[in-house]
> 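The structure that follows is given in the form of structure tokens.
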Amino acid sequence: MYAQMVKSEATQDDPEKLAGFQARIDAGEKIEPKDWMPEGYRKTLIRQIGQHAHSEIVGQLPEGNWITRAPTLERKAILLAKVQDEAGHGLYLYCAAETLGVSRDELTEMLLDGRMKYSSIFNYPTLTWADMGAVGWLVDGAAIMNQVPLQRTSYGPYSRAMIRICKEESFHQRQGYHIMMKMAQGTPAQKKMAQDALNRFWYPSLMMFGPSDKDSVHSAQSMKWKIKMNTNDELRQKFVDQTVPQAEFLGLTVPDDTLCWNDEKGGYDFAEPDWSEFFDVIQGNGPCNTERRAARNKAWDDGAWVREGLIAHAAKKRAAKLAAE
Amino acid sequence: MTDQTSLFEYLLRLGDNTLVLGHRVSEWCGHAPVLEEDIALANTALDLIGQTQMWLGLAGEVEGAGRSADDLAMLRDVWDFRNLLLVEQPNGDFGQTLMRQCLFDAWHLELLPDLTRASDDRIAAIAAKALKEVTYHLDRSSETVIGLGDGTEESHRRMQAALDLLWPYVGEMFTPDTVDDAMHAAGIAPDLTALRARFDTRIDAILAEATLTKPDSSFAQSGGKTGFRHSEHLGHMLTQMQWLQRAYPGATW
């Protein structure tokens with residue numbers, strides 16, 4: 001899940017139009033860019049798709065951190081391809097957001113000056129090679145939990161972007177798990193690295209689903225509009241139920257003493273993450289918030305001359321073509 | 001030098017060029033001026049690493065000492081690397097990275113068609129695959145050099161500075177030594193000196209459109225492809241690239 005705590009916008013449109021719109025959604029129709037939509041729907045989607053796109057872009061950084069240290073040529077190639085996919089996801093998502101009337105540059109500016117957020121998970125550092133495994137296995141795994149249902153979201157361009165993205169994400173998750181398998185079955189040092197990565201990424205991964213439903217004030221309207229398909233707690237439970245047996249298979253221990261199977265609910269009972277840490281990260285005080293934003297700002301500022309140069313050249317070419325006609 | 005030794009050396013040159021340049025390009029990941037460039041840089045790096053797997057894989061086979069492509073990439077020290085000095089030069093700004101890419105691509109694209117006709121089928125097959133990728137690499141790098149050279153005053157100034165900085169590393173690509181001569185005699189590689197005229201024609205056209213001035217000097221640094229004297233930059237790159245394999249010897253990943 002790359003969009004957290006997306007604030008849904010109140011909408012003050014004509015009640016009759018709103019009812020018609022809701023009827024289309026309830027009937028499972030897709031809303032397309034030129035269709036009428038409530039202002040709140042449009043604004044909430046911009047916020048959610050933008051946050052998702054930004055997460056893909058910032059998400060390049062913790063994994064890019066290990067491309068130059070990948071242990072084999074194959075691992076390097078796989079990681080490069082993965083990070084390239086993520087940049088591609090960012091691109092589809094910015095395009096989907098553009099259909100709602102906001103430009104990529106506007107969204108980028110809001111990321112750079114901190115007005116828009118990206119997923120809390122990317123504010124955690126990647127310290128060892130096993131973190132590349134843990135990110136693929138847990139972070140992409142958590143993202144898929146949310147993104148698979150979003151393939152059925154009501155907004156056409158977002159839904160279609162999700163269909164493409166999900167195909168690649170499930171591949172990434174398997175690659176991550178494969179790294180973990182190699183490490184867990186490797187030397188004692190590798191196994192230790194794998195356990196350490198799980199210890200550090202477990203709770204931040206649970207946080208990716210956002211606060212508990214009882215504290216989540218934004219869900220109801222978004223669920224009604226099919227912008228959000230499941231509650232945070234449903235998805236978190238599903239993630240834990242899927243991931244615990246995978247950790248057992250690896251011979252790794254989930255860092256939660258309270259974890260146990262609950263026959264009655266047919267799922268695991270597990271400890272909540274430390275939500276005060278989550279709010280710290282969201283407010284800019286995670287371990288890497290400052291670095292991540294600084295890296296994106298530096299890339300943007302250092303690249304200004306390149307963008308300006310290429311635009312100037314394109315304008316010259318256009319002028320020359322016009323003059324020749 | 002026996003033929004097999006020359007062939008091994010020659011394959012290391014091909015594989016080390018793509019390895020070192022691929023690594024350099026991959027350093028950009030997540031830091032490019034615009035999203036499309038992030039994607040294009042990763043794509044180029046990915047192609048080059050793929051070519052490395054093939055060239056170094058074949059090098060290991062020819063050597064016959066049981067070394068894999070990974071062993072060759074991760075467990076040799078600076079003096080055993082056989083890449084051109086050009087490709088180990090640091091990224092600098094985006095313009096410097098693309099100028100380095102364009103100079104290398106223009107050479108690479110002259111070399112590969114000849115290698116597709118090599119007397120050794122394995123080399124011909126790898127070259128044929130690489131040729132498709134490198135054709136695109138030069139399209140992109142030359143277009144970017146042209147766009148930035150003929151862009152704003154600042155982009156022009158930066159591209160001219162990049163060209164001036166990197167030009168002394170062009171000559172090494174075309175200066176044959178005993179390994180190149182042996183490969184030429186064996187019907188594997190072309191006469192490097194013959195590539196120069198074609199390269200010049202191509203580069204002159206690109207630079208003219210980019211409104212850049214080719215430095216008036218034929219001075220050429222050397223020592224990369226022979227391994228005699230690399231720049232100080234390569235050691236730092238290897239320190240990072242090889243770290244895991246060195247720190248945890250014998251582990252599989």
Side-chain angles (χ1 to χ4, degrees), chain A residues 53 57-88 90-91 94 104 108 128-129 179 182-183 185-187 189-190 193 295-296 298-300 302-317, chain B residues 19 22-43 45-46 49-50 52-53 56-57 68-70 73-74 93-95 98 143-144 146-159 210 237 240-245 247-248 250-253:
Chain A
I57 301 311
V58 178
Q60 293 180 93
L61 299 171
E63 293 187 294
N65 183 38
W66 278 91
I67 286 179
T68 55
R69 288 177 287 173
T72 67
L73 295 169
E74 191 186 8
R75 289 287 178 208
K76 193 184 184 77
I78 291 172
L79 191 55
L80 261 169
K82 179 182 176 195
V83 178
Q84 186 194 22
D85 284 348
E86 276 153 14
L91 203 53
Y94 284 128
R104 198 207 305 180
T108 300
T128 72
W129 176 251
I179 290 178
K182 280 277 185 188
M183 309 275 300
Q185 295 161 3
T187 64
Q190 284 177 302
M193 259 186 248
R296 289 312 306 165
K298 185 174 188 307
W300 189 248
D302 289 355
W305 72 271
V306 175
R307 297 188 300 275
E308 286 158 12
L310 293 175
I311 289 168
H313 176 70
K316 285 184 204 179
K317 292 274 271 196
Chain B
L19 171 61
H23 184 97
R24 280 284 185 238
V25 175
S26 79
E27 291 171 358
W28 271 98
C29 187
H31 304 280
V34 68
L35 190 48
E36 284 81 353
E37 292 302 332
D38 261 319
I39 295 173
L41 287 163
N43 194 48
L46 197 52
I49 297 303
T52 303
Q53 288 175 293
L56 292 186
S68 66
D70 282 329
M74 300 296 177
D93 64 14
F94 182 78
L98 267 291
E143 267 175 30
T144 313
I146 289 167
L148 293 174
D150 181 40
T152 59
E153 211 172 293
E154 185 185 6
S155 71
H156 177 85
R157 178 183 57 74
R158 285 177 182 258
M159 295 314 284
M237 201 197 97
Q240 193 170 62
M241 184 175 84
Q242 300 181 335
W243 177 73
L244 271 176
Q245 290 280 0
Y248 300 94
T252 55
W253 305 89

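Every heavy atom of this structure was used, including side-chain atoms; hydrogens, water molecules and symmetry mates were not. Sequence lines set the chain letters: A, B, ... in the order given, protein chains first and strands last, and positions in each chain run from 1.
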> Is there side-chain contact between B:L19 and A:L73, with heavy atoms separated by less than 4.5 Å?
yes
> B:M74 and A:A70: which non-hydrogen atoms are nearest, and at how many Å?
CE-O, 3.7 Å
> Any chance you could measure A:L310, atom CG, to B:E37, atom CD, to the nearest 0.5 Å?
7.0 Å
> Could you walk me through whether B:L148 and A:H313 pass side chain to side chain contact (heavy atoms under 4.5 Å, CB included), step by step?
CA-CA 7 Å; B:L148 293 174; A:H313 176 70; over 6 Å; no
> Identify the two heavy atoms, one from B:Q245 and one from A:T72, that lie closest to each other, and give their separation to 0.1 Å.
NE2-CG2, 3.8 Å
> Please report the closest heavy-atom contact between B:A32 and A:A299, naming both atoms and the distance.
O-CB, 3.9 Å
> Could you pull out the closest heavy-atom pair between B:W253 and A:M193, with the gap in Å?
CH2-CE, 4.3 Å
> Answer yes or no: are there more than 12 heavy-atom neighbours, outside A:K317 itself, under 6.0 Å from its atom NZ?
no
> Determine the minimum heavy-atom distance between B:H31 and A:A295, stating which atoms define it.
CE1-CB, 4.2 Å
> Below 4.5 Å from any heavy atom of chain A, which atoms of B:M159 appear? Answer side chain, backbone, both or neither.
side chain
> Under 4.5 Å from any heavy atom of chain A, what part of B:I49 do you find: side chain, backbone, both or neither?
side chain
> I want to check something: taking the side chain as every heavy atom from C-beta on, are A:Q190 and B:Y248 in contact at a cut-off of under 4.5 Å?
no
> Between B:W243 and chain A, which part of the residue has a heavy atom less than 4.5 Å away: side chain, backbone, both or neither?
side chain
> Picking from B:G147, B:A42, B:A69, which has the most non-hydrogen pairs under 4.5 angstrom with chain A?
B:G147
> Listing request: all salt bridge (charged side-chain N to carboxylate O under 4.0 Å, His left out) pairs with a residue in residues 302-312 of chain A, at least two apart in sequence or in separate chains.
A:K298-A:D302
> Once rounded to the nearest 0.5 Å, what's the spacing between atom CG of A:N65 and atom SG of B:C29?
10.0 Å
> Can you see which heavy atom on A:G90 is nearest to which on B:L35, and at what distance?
C-CD2, 4.1 Å
> Which bit of A:A77 is near chain B, if near means a heavy-atom gap under 4.5 Å: side chain, backbone, both or neither?
both
> Show every salt bridge (charged side-chain N to carboxylate O under 4.0 Å, His left out) that has at least one partner inside residues 23-35 of chain B, sequence neighbours left out.
B:R24-B:E27
> Which region of A:V306, side chain (C-beta onward) or backbone (N, CA, C, O), has a non-hydrogen atom less than 4.5 Å from a non-hydrogen atom of chain B, or is it both or neither?
both
> Counting only non-hydrogen atoms closer than 4.5 Å, does B:M241 touch chain A with its backbone (N, CA, C, O), its side chain (CB onward), both, or neither?
both
> Can you tell which part of A:I57 gets under 4.5 Å to a heavy atom of chain B, answering side chain, backbone, both or neither?
side chain
> With a 4.5 Å heavy-atom cut-off, do A:I67 and B:W28 have their side chains touching?
no
> Just give me the residue among A:A312, A:G309, A:G303 that pairs up with chain B most often, heavy atom to heavy atom, under 4.5 Å.
A:G309
> Answer whether the closest heavy-atom distance between the side chains of A:E74 and B:D70 falls below 4.5 Å.
no
> Only pairs of heavy atoms separated by less than 4.5 Å count here; which of A:R69, A:Q60, A:Q84 has the most with chain B?
A:Q84
> Heavy-atom distance under 4.5 Å between the side chains of A:T68 and B:H23, does that happen here?
yes
> For B:D38, is it the side chain, the backbone, both, or neither that has a heavy atom closer than 4.5 Å to a heavy atom of chain A?
side chain
> What residue in A:V58, A:L80, A:V83 has the most heavy-atom pairs under 4.5 Å with chain B?
A:L80
> Sort A:L91 into side chain, backbone, both or neither according to what part of it lies under 4.5 angstrom from a heavy atom of chain B.
both
> Nearest 0.5 Å please: distance from the OG1 atom of B:T252 over to the CD atom of A:Q185.
9.0 Å
